[in-house]
Amino acid sequence: MNKTQAAEKLSKYGQDHVLKFFDELDEKGQKALLSQIDETDLSVLDHIDQAGKSAKRGTFSPLKAMQREEIVRREKEFYDAGVKAIKEGKTAALLLAGGMGTRLGSDNPKGMYNIGLTKDVYIFQRVIENLLDVVRETDTWIRLFIMTSEKNHESTVAFLKEKNYFGYKEDKVVFFKQDMAPACDYNGKLYMEEKDRISTSPNGNAGWYSSMVRAGLDRILDDEGIEWIDIFGVDNVLQRICDPCFVGATVQAGVSVGAKVVKKAAPDEKVGVMCLEDGKPSIVEYYELSKEMMDAKDESGEPAYNYGVILNYLFHVPELKAVANNTMSYHIVEKKIPYIDENGALIKPEEPNGYKFEQLVLDMIHQLDSCLPYEVIREYEFAPIKNATGVDSVESARELCKKNGIEL
């Protein structure tokens, strides 16, 4: 893209100010800015009129989970079906690793955070070792995709190479960057974080598939006959990935997506809950649960909305392809966005000053026809690290790791 083409694209969206400092930039800066303008999807700005409005939700109803009793009873059936799918190369894993360790007091990618006490044990190490358990169990290497962000790509790749991928086979690992969405002020004007850079942020946890396709990695799915992708977040250091029983149960159920869930610790626990929305699978956020829904009971007398999601989903690739071109809604989030002013001075606001745009996995799931919520035991598979201390923290994750015999 040249300057004239960039100016035409920006003008279409009323963003001519993006080129204000263009002539001051050196050749490298000009090239970087033109490349970013070319790659940035400015059409997201058309959704700004939805800011401040809650997304209109449909009618919720319970979605029955496959509970531990049934899973244990049918364990051999599920395990055998899962091992078969893994050995046939039909299953891949995808690590969502675009986040930074800011809330943990680190300037590095979150996966680089060291949770060890007597030795080095990194978050990346824990999740890769969990996948390696299945590799050894099935004697099959599983394709591992790692989605980074613009902000942490180089450091993530360098770190994992330096650590020799914690024993994972290098030729089975593929990195790609998540697409970014622009950030703007309340009037829809793009913020510039530097003279040669539009302010952007990752486009939400539903952006993984479109980002894969944009990176051309759907060719790997086709060439290798991959039919199922287990996507998982970086911060849960106990989760099992592509474990045969989960894979087998999802395949046997003939559903579009499997979702690992845990029994809620309390009716008002702050977790999203698998449900049906207008008859299709969805997730109801904890703040959307009415008292009536919290009090509702199933035929066994148990809470009807009782299983929280843990960001571990097994998607059926053919059905993902079928809905890939459907338009998902954007969630417009008010944020504090650093920016440069008209004089090029950096401003760090103390209060929210604009919007970021995200697409969420719940909207992706809601485009599919069927879902199997699959219960796992919280103490064995759910140790998220979101904070330095307290609930869902480094401290709580360490305690759960020790309970599971993991040496730190």
Side-chain angles (χ1 to χ4, degrees), residues 1-22 30-57 96 98 147-151 153 176-218 282 320-340 352-368:
M1 173 173 275
N2 59 38
K3 183 182 178 183
T4 302
Q5 292 167 326
E8 287 174 0
K9 178 176 180 178
L10 292 167
S11 181
K12 179 181 172 185
Y13 291 94
Q15 306 293 337
D16 308 76
H17 65 286
V18 168
L19 293 174
K20 176 179 171 65
F21 300 103
F22 187 82
Q30 290 182 347
K31 188 175 178 183
L33 181 55
L34 291 175
S35 176
Q36 190 190 24
I37 294 167
D38 188 29
E39 292 174 1
T40 302
D41 179 7
L42 299 181
S43 69
V44 301
L45 298 170
D46 293 338
H47 298 268
I48 196 170
D49 60 342
Q50 297 301 310
K53 300 176 185 175
S54 298
K56 193 171 187 302
R57 301 298 301 263
L96 307 177
M147 186 174 77
T148 63
S149 65
E150 274 189 3
K151 297 184 188 298
H153 181 79
F176 67 102
K177 282 191 269 192
Q178 181 170 11
D179 292 341
M180 305 293 279
C184 66
D185 67 15
Y186 293 125
N187 296 313
K189 292 291 184 183
L190 292 176
Y191 277 122
M192 300 294 291
E193 62 182 46
E194 296 174 28
K195 291 182 179 181
D196 63 354
R197 180 157 189 80
I198 301 166
S199 178
T200 60
S201 61
N203 63 350
N205 60 15
W208 65 269
Y209 185 68
S210 60
S211 300
M212 271 190 89
V213 172
R214 186 173 173 131
L217 300 184
D218 50 331
S282 191
L320 271 182
K321 287 183 176 181
V323 301
N325 294 323
N326 293 357
T327 302
M328 279 195 295
S329 60
Y330 277 91
H331 296 257
I332 303 171
V333 188
E334 206 175 358
K335 293 281 188 178
K336 291 185 284 188
I337 304 164
Y339 66 98
I340 59 169
N353 63 326
Y355 299 123
K356 293 186 177 182
F357 299 80
E358 299 176 347
Q359 291 181 315
L360 302 182
V361 76
L362 72 88
D363 298 307
M364 176 179 270
I365 289 172
H366 190 50
Q367 293 193 19
L368 300 171

Seminar exercise, completed: Tightest non-hydrogen contact, residues Ile337 and Cys184, listed as CD1-O, 3.9 Å
Exercise. Just wondering, more than 12 heavy atoms not from Lys195 lying within 6.0 Å of its NZ?
Worked result: yes
Problem set entry | Chi angles and distances behind the side chain to side chain contact (heavy atoms under 4.5 Å, CB included) call for Ser43, Tyr13 | CA-CA 8 Å; Ser43 69; Tyr13 291 94; 3.8 Å; yes
For this session: Classify the ring geometry between Tyr330 and His47 as parallel (under 30°), tilted (30 to 60°) or perpendicular (over 60°).
Result: tilted
For this session: Answer yes if the side chains of Tyr339 and Asn353 hold a donor-acceptor pair under 3.5 Å, and no otherwise.
Result: no
Problem set entry | Least distance between heavy atoms, Asp185 atom then Tyr355 atom | O-CD1, 4.0 Å
Exercise. Run the side chain to side chain contact (heavy atoms under 4.5 Å, CB included) check on Ser282 and Arg57 step by step: do they pass?
Worked result: CA-CA 10 Å; Ser282 191; Arg57 301 298 301 263; 3.1 Å; yes
Problem set entry | Verdict with reasoning, Leu33 to Phe21, per side chain to side chain contact (heavy atoms under 4.5 Å, CB included) | CA-CA 10 Å; Leu33 181 55; Phe21 300 103; over 6 Å; no
For this session: Using atom types as modelled and distance alone, determine if a side-chain donor or acceptor of Ser211 lies under 3.5 Å from a backbone N or O of Asp179.
Result: yes
Exercise. Hey, is the main chain of Asn2 close enough, under 3.5 Å, to the side chain of Gln5 for a donor-acceptor pair?
Worked result: yes
Problem set entry | Closest approach of His331 to Asp363 (non-hydrogen atoms, all atoms of both residues) | NE2-OD2, 2.6 Å
Exercise. Is the closest side-chain heavy-atom distance between Asp218 and Met212 below 4.5 Å?
Worked result: no
Exercise. Could you state the interatomic distance from CZ (Arg214) to CG (Asp41), rounded to the nearest 0.5 Å?
Worked result: 7.5 Å
Problem set entry | Distance (rounded to the nearest 0.5 Å) between Leu45 CG and Ile332 CD1 | 9.5 Å
Exercise. Where the side chain of Ser11 meets the backbone of Ala7, is there a donor-acceptor pair that is under 3.5 Å apart?
Worked result: no
Exercise. Roughly how far, to the nearest 0.5 Å, is CD1 of Ile37 from NZ of Lys9?
Worked result: 8.0 Å
Exercise. To the nearest 0.5 Å, how far apart are CD in Gln178 and CE in Met147?
Worked result: 3.5 Å
For this session: Check step by step if side chain to side chain contact (heavy atoms under 4.5 Å, CB included) holds for His17 and Leu190.
Result: CA-CA 8 Å; His17 65 286; Leu190 292 176; 4.1 Å; yes
Seminar exercise, completed: Between the CG atom in Leu320 and the OG atom in Ser210, the distance rounded to the nearest 0.5 Å is 11.0 Å
For this session: Find out whether Ser149 and Lys177 are in side-chain contact, i.e. whether some heavy atom of one side chain is under 4.5 Å from a heavy atom of the other.
Result: no
Exercise. Taking atom NZ of Lys31 and atom CG of Asp196, what is their separation to the nearest 0.5 Å?
Worked result: 13.5 Å
